[in-house]
There are 2 protein chains.
Amino acid sequence: MDVQHIEIADYFIQAISQGLYQEGDRIPSEAELQVLFGARRSVLRRAVARLEETGWVTTRQGKGSFVTSRKVPIDYELSSRTAFSSIMKEKGIVPRVALLHWEKRAAKQREQDQLALGIDETVYALEILRSTGDVPLSITTTVMPAYLVPDLEAHLTGFHSLYALLSRNYQLQPRRLKSIVRAALPEPRDAQILNIADHAPILQIESFVTHRGVNLMEYSMSRIRGDLNKSCVTF
Amino acid sequence: MDVQHIEIADYFIQAISQGLYQEGDRIPSEAELQVLFGARRSVLRRAVARLEETGWVTTRQGKGSFVTSRKVPIDYELSSRTAFSSIMKEKGIVPRVALLHWEKRAAKQREQDQLALGIDETVYALEILRSTGDVPLSITTTVMPAYLVPDLEAHLTGFHSLYALLSRNYQLQPRRLKSIVRAALPEPRDAQILNIADHAPILQIESFVTHRGVNLMEYSMSRIRGDLNKSCVTF
DNA sequence: AATCATTTGTTCGTATGTATC
DNA sequence: AGATACATACGAACAAATGAT
């Protein structure tokens, strides 16, 4: 390859791989790169852009470009009974759960199919942000038929764990029936909330949850930061 | 936002979302955009680059930029017994399996751990490309202890299905014990083989496979195109 | 087979704006 | 307020891939 910006990017990929730059280190500024490589600034910017696209550095205006810290992904056990809070506690991580939004409304067409609802059925839809400390981890949209969780809004103040809420107030025992995972790109809004670039990979997990094996009581769609999660399935 | 390239990119995201441009349609060339938006070429290129990063278009030198066709992801059943070929056949898709590479060598440290091997143990490592028709779908690296599949090279000519080979020649009945999924970015080489951009998301699936519940007989690491796959887990 | 127009890719060169400290 | 560093934009030239003549 005799394309300058790729050669320069490759140089840094090598250097970072070999430990010449540690996580969090700043790579040389554009002005310094200009001296080091004798290339035009536009070329250097392309090189850094490439490094950012491929996840090696993150760039911040006015500060510089920093080697992305390869956080250890958190193993998430994907099983029929899994609750975020309990997994985190097991690992000694302080979980933070925030209710971004909730609404009570008529079920959309897709939700009717997913939850096997009749037409004009009412659902509660919650949007939940899960974090560890101050690092956002995932956003989950969860939809439940309103008749299963009547007067849900009364229990949403001080929200901290969905399954604890369901168990305490409605004696519901959620059980995951099926999950569908896929790798994708985030919606712009999700990228912002999760504090990732809009081309950073996310893991989408759609889940179908029953109560006592009869009703489809919950449909959820999680969008999880790819750099912070590994989901584990045991057969 | 009063940043030109973002405004222009957003215009096309809107237009594509509203069906003004269909999948596969060419968006205006840079010269045409120059007339339409009255912006510098560098700005227009940034706009198109943004569209490509976020998966709306794919650009080809000498031809133009085309609205990415949102292929329907192929559902992949992730269970204790799953073979690629049979899943594809069930769906009426013609699967194509190619052995990219194989080698017999000493197990690496990680592989010793993953397969619970002793030191200096020999393994076979295969690299398999799976496609549907002419569209590449996934690359899988699979590692097996050599003592379980002696003289494996003798059976690799005309390779078409790993599990058929294992069953026929070694009476092995693979059973998946555990899988770990995660969303990530591809290695440059994988991106090239899979015919995707090097910032396109991929689904990584690590699998641990046993034979009759005793031996860890296979460790595999699949890298699957995010745009073409949904993996489904039933509990 | 060779040439040419079209289209994207790369680079050079300059200027100004904006965030950070 | 000033220095540093990244962000955006203007302006121009040539390279490389593509498809048609």
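Convention: sequence-line order gives letters A, B, ...; per-chain numbering from 1.
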Query raised in the report: For the pair made of CZ in A/F37 and P in C/dC12, what is the distance, rounded to whole Å?
Result: 14 Å
Query raised in the report: Can you tell me if A/Y219 uses its side chain to pair, donor with acceptor, with the backbone of A/S207 under 3.5 Å?
Result: no
Query raised in the report: According to a strict under-4.0 Å criterion, is A/R41 in side-chain N/O contact with OP1 or OP2 of C/dT11?
Result: no
**Report entry** Cationic N near anionic O, under 4.0 Å, B/E206 to B/R223
**Finding:** no
Requested in this report: Please state how far atom NE2 in B/H5 lies from atom P in C/dG17, giving the value in whole angstrom units.
Outcome: 18 Å
Query raised in the report: Of A/L44, A/V48, A/L51, which meets side chain to side chain contact (heavy atoms under 4.5 Å, CB included) against A/I8?
Result: A/L44
Query raised in the report: Where along residues 29-36 of chain B does a heavy atom fall under 4.0 Å from DNA chain C?
Result: B/S29, B/E30
Query - Salt-bridge contact A/E30-A/R45 (side-chain N to carboxylate O under 4.0 Å) - result: yes
Report task. Please examine the side chains of A/I196 and A/P186, heavy atoms only from C-beta on, and report whether any two atoms are closer than 4.5 Å. Result -> yes
Query - chain B footprint on DNA chain D, 5' to 3' - any atom under 4.0 Å from a heavy atom - result: D/dT8 to D/dG19
Requested in this report: Assess B/R50 against B/W56: is NZ or CZ under 6.0 Å from the centre of the six-membered ring, and within 45 degrees of the ring's axis?
Outcome: no
Query raised in the report: Near DNA chain C, which residues from residues 55-63 of chain B have a heavy atom under 4.0 Å away?
Result: B/T59, B/R60, B/Q61, B/G62, B/K63
Query raised in the report: Between C/dA15 atom C1' and A/R40 atom CZ, what is the distance in whole Å?
Result: 14 Å
Query raised in the report: In terms of side-chain heavy atoms, does A/Y163 have a donor or acceptor partner in A/E218 at a distance below 3.5 Å?
Result: yes
Query raised in the report: Is it the case that A/R60 places NZ or CZ above or below the six-membered ring of A/F66, under 6.0 angstrom from the centre and within 45 degrees of the axis?
Result: yes
